[in-house]
There are 2 protein chains.
Amino acid sequence: MNDTIKQGGATAASRIYEMLRQDLLNGRYGAGERLSISLLRDTYQVGLSPLREALNRLAAYGLLRQENQRGFRVLELSPEELVDITEMRRQLEGRALELAVQHGDEEWESQLLAANHRLTRAATQAPVVEWELLHSRFHNALVAPCGSAWLLRFITQLHDQFDRYRRLAPRHDELRHRLDAQHQELVDLALARNARRAREVLEEHITLSSEVAMLSCEQV
Amino acid sequence: MNDTIKQGGATAASRIYEMLRQDLLNGRYGAGERLSISLLRDTYQVGLSPLREALNRLAAYGLLRQENQRGFRVLELSPEELVDITEMRRQLEGRALELAVQHGDEEWESQLLAANHRLTRAATQAPVVEWELLHSRFHNALVAPCGSAWLLRFITQLHDQFDRYRRLAPRHDELRHRLDAQHQELVDLALARNARRAREVLEEHITLSSEVAMLSCEQV
DNA sequence: TTTATCGAAATAATCGATTATTTGACCTAG
DNA sequence: CTAGGTCAAATAATCGATTATTTCGATAAA
């Protein structure tokens, strides 16, 4: 969905869409919270029409729930849904990585190395938002040459859903360290063209990451 | 996405969304065609705001393409994309059916029998739109108890995409007959709780159906 | 002949105001 | 007291008009 809108002077609706999307992923609005349209208009300094268009897109994308005549709500969070999202990510990203390892060219290898390098640096030297961006880019780079546009689309969508949980979770340095090590391992396996093992590690990575994310459900 | 909007007095935007979705699936607008907003307003007798909201939803859903400052276009059709959609359907619906066979209860069995019965009757005695509705319902009933909301969501979305091709294709009685026979076979295997074989038949069914759909790409 | 530029017409996006619906407090009948 | 009903305030949805951008034909320059 992110690149559904083509280039060209960004319209107010697409600017507000991206801002709202980021704020939703970062947990600025609480789960289940009702979004007052006139309040949002004041917050983002934008007219009603583009704002409503952005909200409609977000609802169709799955980050908001729309009830006729009752406006928009942030989606609820539940451990059950996190399990569902995790299982889907394992399935889809695992498959995509297998294909990417088979189809990826030298350019892909370079991109992958670069993405991991930037991510590693950012882990110690950049603010969280910067790291989040590079983390998304790394995982995207990993599966990019899988050859299926629809697979990539669903993966991105699930990634956004997953991040709503993960970004809400408290820090857990030990798990984070193991997750970072897996990033490196994935790069190595990808370059070695070991599709089978790469898939296994990615699936473990997603499961481990879901353990971090699950901590967000155990908050008050 | 179809049930994203909850009950309650349908709003103009959601009514127009559903109408447009049906018309897009039925090929009322040509692939790649530009949708003039003011023309649509006249056609559907609706104001600009709800119309634009519906178009935004459809773009986020993947039935339209939106370019900033240049309005909305119907998505193009291509054999390559049909292959992608078909492969994704095989993967996702195949997995969903396995799960459904494992989890489905007696109520599911009844629903399945009923859905197939209605579909079979409609094949000879109902207009095409009626058959299309029942056909969607049958395939939905098949995988409904798979236990994963996201899996079902993606399956529905892919089904809509697939139907853009299939409904455009010319009749092919021989293939249609084999496809109908597979519906019966799927019901039998589901009731017999033969998950493995049911999955195989469903994947064959989707592939065979894509052969029909592919005929739409060979038109002028 | 081709390419570039300008400007009017067409069309998309946005705004401000209006209408419709829901919410919740208050009241009354049972 | 409680259930149901009424009404006013709050909020969502929609409309009509305005603004911004693109498109395309006509003209001029290379």
Side-chain angles (χ1 to χ4, degrees), chain A residues 1-21 23-24 28-30 32-61 63-76, chain B residues 1-21 23-24 28-30 32-61 63-76:
Chain A
M1 173 62 205
N2 310 337
D3 51 4
T4 298
I5 316 292
K6 291 296 172 59
Q7 77 311 326
T11 170
S14 49
R15 264 183 284 119
I16 196 67
Y17 170 86
E18 201 46 48
M19 281 168 132
L20 270 169
R21 175 170 159 275
D23 286 346
L24 286 167
R28 169 163 179 178
Y29 302 101
E33 178 179 340
R34 176 151 180 194
L35 297 181
S36 158
I37 294 189
S38 52
L39 206 72
L40 290 178
R41 187 190 45 177
D42 297 342
T43 308
Y44 296 93
Q45 295 290 325
V46 71
L48 278 185
S49 309
L51 174 59
R52 286 190 58 88
E53 292 188 15
L55 292 170
N56 272 277
R57 288 185 207 176
L58 287 163
Y61 183 61
L63 282 173
L64 292 179
R65 198 155 51 84
Q66 187 170 18
E67 293 175 65
N68 282 338
Q69 321 284 20
R70 292 193 212 171
F72 298 84
R73 287 185 171 279
V74 179
L75 277 202
E76 286 74 13
Chain B
M1 173 64 203
N2 308 340
D3 51 3
T4 296
I5 315 294
K6 291 298 173 57
Q7 78 313 324
T11 173
S14 49
R15 262 182 286 119
I16 197 68
Y17 170 86
E18 199 48 46
M19 280 167 132
L20 270 169
R21 175 171 159 271
D23 286 346
L24 286 167
R28 169 164 179 179
Y29 303 100
E33 177 179 340
R34 175 151 181 194
L35 297 182
S36 159
I37 294 190
S38 52
L39 206 73
L40 290 178
R41 188 190 44 176
D42 298 343
T43 308
Y44 295 95
Q45 297 290 325
V46 70
L48 279 185
S49 309
L51 175 57
R52 286 189 58 89
E53 292 189 14
L55 292 171
N56 272 278
R57 288 184 209 177
L58 287 163
Y61 184 61
L63 283 172
L64 292 179
R65 197 156 52 83
Q66 187 171 15
E67 293 174 66
N68 282 336
Q69 322 283 23
R70 291 192 211 171
F72 298 84
R73 285 184 173 279
V74 179
L75 279 200
E76 287 74 14

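The sequence lines fix the lettering, A, B, ..., with proteins before strands; numbering per chain opens at 1.
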Specify the residues of residues 38-55 of chain B, ordered by number, for which at least one heavy atom lies under 4.0 angstrom from an atom of DNA chain C.
B:R52
Just to verify, what does B:E33 make a salt bridge (Lys or Arg N to Asp or Glu O under 4.0 Å) with, not counting sequence neighbours?
none
A:A10 backbone acceptor or donor facing A:S14 side chain under 3.5 Å
no
Rounded distance [0.5 Å steps], CG in A:L55 versus CZ in A:R73
13.5 Å
Find which nucleotide of DNA chain C each of A:R34 and A:A13 is nearest to by heavy atoms, and output the residue with the more 5' nucleotide.
A:A13
[X] has an atom [atom1]; how far is it from atom [atom2] of [N], in whole Å?
X	N	atom1	atom2	value
B:N68	C:dT14	CG	C1'	13 Å
B:N56	C:dT14	CG	P	10 Å
A:L64	D:dA12	CG	P	13 Å
B:I37	D:dG16	CD1	P	16 Å
B:Q66	D:dT22	CD	P	14 Å
A:L35	D:dA12	CG	P	9 Å

Hey, are the side chains of A:L63 and A:L20 touching, using non-hydrogen atoms and a 4.5 Å cut-off?
no
N or O in side chain of B:T11 less than 4.0 angstrom from D:dT14 OP1/OP2:
yes
By side-chain hydrogen bond (donor to acceptor under 3.5 Å, both in side chains), A:R28 pairs with (sequence neighbours left out) A:D23
Which heavy atom in A:G30 sits nearest to a heavy atom in A:V74, and how many Å separate them?
O-CB, 3.4 Å
